[in-house]
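Below you'll find the structure, written out as structure tokens, and then a few comments.
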Amino acid sequence: MPDSNFAERSEEQVSGAKVIAQALKTQDVEYIFGIVGIPVTEIAIAAQQLGIKYIGMRNEQAACYAASAIGYLTGRPGVCLVVSGPGLIHALGGMANANMNCWPLLMIGGSSERNQETMGAFQEFPQAVRTSIYGRPGACYVDIPADFVNLQVNVNSLKYTECCMSPPISMAETSAVRMAASVIRNAKQPLLIIGKGAAYAHAEENIKKLVEQYKLPFLPTPMGKGVVPDNHPNCVGAARSRALQFADVIVLFGARLNWILHFGLPPRYQPDVKFIQVDICAEELGNNVKPTVTLLGDVSAVSKQELASKKSLPMNYYTVFYHVQEQLPRDCFVVSEGANTMDIGRTVLQNYLPRHRLDAGTFGTMGVGLGFAIAAAMVAKDRHPGQRVICVEGDSAFGFSGMEVETICRYNLPIILLVVNNNGIYQGFDMDAWKETLKFQDPTAVVPPMCLLPNSHYEQIMTAFGGKGYFVETPEELQKSLRQSLADTSKPSLINIMIEPQATRKAQDFHWLTRSNM
Ligand code: ADP
Ligand code: MG
């Protein structure tokens with residue numbers, strides 16, 4: 001009869017030890033390390049019966065170290081099972097170590113018998129798992145009263161709390177992400193420090209992309225090693241002291257400014273070094289130093305945010321010249337004029353032949369560019385067949401002789417004009433700032449003298465006369481338009497390259513770390 005069946009089932013008893021084992025199993029616990037004795041032996045046996053691996057160790061300290069490493073390696077807490085009194089005391093070292101390392105750990109200790117009331121603590125089991133893996137990971141302790149282990153309880157009176165989900169992924173504030181991207185881009189000597197928080201977060205893929213896209217040198221902490229392989233060309237592990245000492249911007253990905261990193265203080269660091277801190281633990285932010293930007297969130301998610309932000313940011317001089325240099329034929333004529341455009345371009349763009357570079361010269365004259373380019377194109381045609389003329393102009397400089405584009409088109413000279421456009425002389429305004437100035441009655445009273453009309457389509461001067469015109473805003477568009485212009489010898493072209501209006505920094509790469517002072 002169904003009724004009697006039900007009655008039978010409801011009287012089925014189960015021991016406290018089995019309940020604990022089942023609760024652990026429900027929380028996806030795979031490994032228990034420990035040393036058994038009264039009152040926890042039954043728990044270990046019950047766990048084995050449920051398929052949990054039990055590893056008996058020789059000292060609770062080692063057991064606890066092992067369990068905490070499981071937490072770091074798998075992201076779910078490893079369990080350490082010990083007896084009351086000395087067992088627990090021995091394990092304290094492991095708990096402290098797990099806490100200091102920010103590694104999840106579930107410590108289960110037996111204790112003396114308690115009355116029923118205190119046994120309510122058992123219900124805090126799932127909460128313990130959550131505490132160990134949510135926020136900053138760490139150790140937590142569950143106390144199992146001895147009388148509970150052998151207590152028989154009615155099966156139907158039990159309800160196991162569902163497996164605690166992996167922690168939610170938190171992202172940093174968008175404005176902080178943008179600010180960090182800008183600080184990194186304007187750094188002269190940036191450095192990324194990769195800590196074990198990055199390893200724990202499985203941030204390897206995003207951090208590697210970030211290192212490569214921003215061309216950042218990186219330094220792993222001891223356990224941050226391998227997030228990006230040590231043999232990566234951007235790894236400056238071999239020059240650790242120098243890297244720390246000379247960096248002007250340091251991004252910390254899941255690494256604390258503790259003794260391992262010399263507290264982030266001089267003389268091991270520049271006194272005015274700017275720190276960008278990425279950590280999941282709010283209390284960690286601002287420890288020892290005043291960070292320039294704090295990014296509270298998961299390392300993997302935040303590095304992905306930084307990647308996305310990089311894509312949407314305008315290019316700077318360095319990015320532009322890097323891509324130009326990559327495609328520049330070794331035997332070409334380089335004509336250049338402008339302020340930042342000419343200064344920074346000179347350091348990046350390479351010449352391999354004599355008399356193949358023409359620029360503002362001794363007199364620092366603006367307006368010479370297109371005339372020089374036309375002359376170079378004539379000489380190339382008559383004396384160096386096949387050589388191209390690349391004319392790299394600032395947007396202001398281009399204005400001095402822009403109408404010579406008509407001459408270039410009239411004689412069909414296959415000159416490639418690059419206008420590096422920052423909306424002004426030295427620097428300009430972006431569209432938002434520009435619109436602000438237009439709110440004033442009299443723009444001549446407020447428009448900064450360096451500003452030119454933002455987002456001017458200089459390429460249309462070329463298309464007006466039948467040449468090819470490109471308006472580019474991203475590295476990909478720049479690469480593509482350069483490739484097409486170089487391939488097309490039948491026509492002149494003008495590539496209008498939009499860059500960050502405030503970009504001024506000179507190009508630097510991380511060889512400052514490995515180069516000697518000589
Ligand atoms: P290291 O010894 O490699 O320098 P630390 O132990 O000093 O690393 O720092 C690790 C940091 O990583 C801790 O501050 C911790 O809060 C943080 N952390 C742990 N997990 C994450 C995560 N998923 N995302 C971001 N930070 C994390
Ligand atoms: Mg650290």
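Numbering of ligands and ligand atoms starts at 1, following listing order.
Looking at Ala255 against ligand 1, both its backbone and its side chain come within 4.0 Å, counting heavy atoms. Within the 4.0 Å heavy-atom criterion, neither part of Ile193 lies near ligand 1. Contacts of Lys196 with ligand 1, taken as heavy-atom pairs under 4.0 Å, involve both backbone and side chain.
Judged purely by atom type and a 3.5 angstrom limit, Thr26 uses its side chain to pair as donor or acceptor with the backbone of Gln22. Using a distance-only test at 3.5 Å, with no hydrogens or angles considered, a donor-acceptor pair links the side chain of Lys25 to the main chain of Leu50. Side chain of Tyr470 to backbone of Glu477: no donor-acceptor contact under 3.5 angstrom is found. When atom types are taken as modelled, the side chain of Asn99 and the backbone of Ala139 share a donor-acceptor pair closer than 3.5 angstrom.
Counting the atoms of ligand 1 from 1 in the order shown, those under 4.0 Å from a heavy atom of Asn258 are 7 (O). Annotation for ligand 1: atoms under 4.0 Å from non-hydrogen atoms of Cys281 are 16 (O). Of all atoms in ligand 1, numbered sequentially from 1 with element shown, those under 4.0 Å from a heavy atom of Cys102 are 13 (C), 15 (C). Under a 4.0 Å criterion applied to the non-hydrogen atoms of Gly197, ligand 1 contributes the atoms 10 (C), 12 (O), 18 (N), 19 (C), 21 (C). The contact set between ligand 1 and Gly195, taken as ligand atoms under 4.0 Å from a residue heavy atom, comprises 3 (O). Of all atoms in ligand 1, listed by their number and element, those nearer than 4.0 Å to a heavy atom of Gly254 are 8 (O), 9 (O), 10 (C), 11 (C), 12 (O).
Looking at Thr41 and Val83, their side chains never come closer than 4.5 Å, going by heavy atoms from C-beta outward.
Figure legend: Lys215 and Tyr322 shown as a cation-pi pair, the cationic atom lying under 6.0 angstrom from the six-membered ring centre and within 45 degrees of its axis.
The pair Asp230-Lys225 meets the salt-bridge criterion, with a side-chain N (NZ, NE, NH1 or NH2) lying under 4.0 Å from an Asp/Glu carboxylate O. For the pair Glu212 and Lys208, the salt-bridge criterion is met [side-chain N within less than 4.0 Å of a carboxylate O].
Checking His90 against Gln61 by side-chain atom types alone, no donor-acceptor pair falls below 3.5 Å.
Using a 4.0 Å heavy-atom cutoff, Arg136 is listed among the residues neighbouring ligand 1. Using a 4.0 Å heavy-atom cutoff, Pro167 is absent from the residues neighbouring ligand 1.
For the pair Tyr200 and ligand 1, the shortest N or O to N or O distance does not fall below 3.5 Å. In terms of polar-atom proximity, Ile280 is counted as a contact of ligand 1, with an N or O under 3.5 Å from an N or O of the ligand.
Nearest to atom 23 (N) of ligand 1 by heavy-atom distance, out of Val227, Asp279, Asp298, Asn101, is Asp298.
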